[in-house]
Amino acid sequence: MNNQPVQRDERTEIVENASYRLAYLIMIFGALIIVTYRGFLFKESLWDLLLLVIVSSGVATLYQSGKQVLPQGWKRQTVILFIISAILAAILGFLLR
């Protein structure tokens, strides 16, 4: 019989994944707050940080899509969210001109 302690199990992976999710959310929302703060206060254009947010979110979504773990109707919801975001961006761009 093998009496060696278990180094990794399912619980370890669940805790690791939860910590990665929390770190990812802090990083993404932190970058969005920085972009908003610098944009309004200093009138800086921070497309590099916004691109980082968009690309990292896209990578996560594509990976989950490839593993088929996203819920039914996620593509439709994504398209609707994209359309609403584009409309709001156009309105804000027009108002802040």
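Here the structure is a predicted model, which means the values were calculated and not measured.
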S.K.: Looking only at heavy atoms, which two atoms of S45 and W47 are closest? And how far apart?
M.R.: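 For S45 versus W47, the nearest heavy atoms are OG-CD1, 2.7 Å.
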
S.K.: Distance check, rounded to the nearest 0.5 Å: I33 atom CD1 versus L49 atom CG?
M.R.: 12.5 Å

S.K.: Transitively linked via ILVMFWY side-chain contacts under 4.5 Å: L52 with I34?
M.R.: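 Per the 4.5 Å side-chain linkage, L52 and I34 are not co-clustered.
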
S.K.: Say you draw a straight line from CG of D9 to OG1 of T12; how long is it, rounded to the nearest 0.5 Å?
M.R.: 4.0 Å

S.K.: Keeping the roles fixed (side chain from Y24, backbone from S19), state whether a donor-acceptor pair exists under 3.5 Å.
M.R.: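 Such a contact is absent between Y24 side chain and S19 backbone.
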
S.K.: Within the 4.5 Å heavy-atom criterion, are T61 and L70 side-chain neighbours or not?
M.R.: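 T61 reaches L70 side chain to side chain.
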
S.K.: Using a 3.5 Å distance criterion without hydrogens, assess whether the side chain of T36 forms a donor-acceptor pair with backbone atoms of L32.
M.R.: yes

S.K.: Hey, quick one: are V35 and F29 part of the same hydrophobic cluster, counting side-chain heavy atoms closer than 4.5 Å, chains of contacts allowed?
M.R.: yes

S.K.: Looking at CG of L88 and CD1 of I91, how far apart are the two atoms once the value is rounded to the nearest 0.5 Å?
M.R.: 5.5 Å

S.K.: Any donor and acceptor pair, going by atom type alone, linking the side chain of S56 with main-chain N or O of V53 inside 3.5 Å?
M.R.: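 Looks like yes, one N/O pair under 3.5 Å.
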
S.K.: What's the separation between atom CE in M27 and atom OH in Y20, rounded to the nearest 0.5 Å?
M.R.: 14.0 Å

S.K.: Do L25 and R21 come close enough that some side-chain heavy atom pair is under 4.5 Å?
M.R.: yes

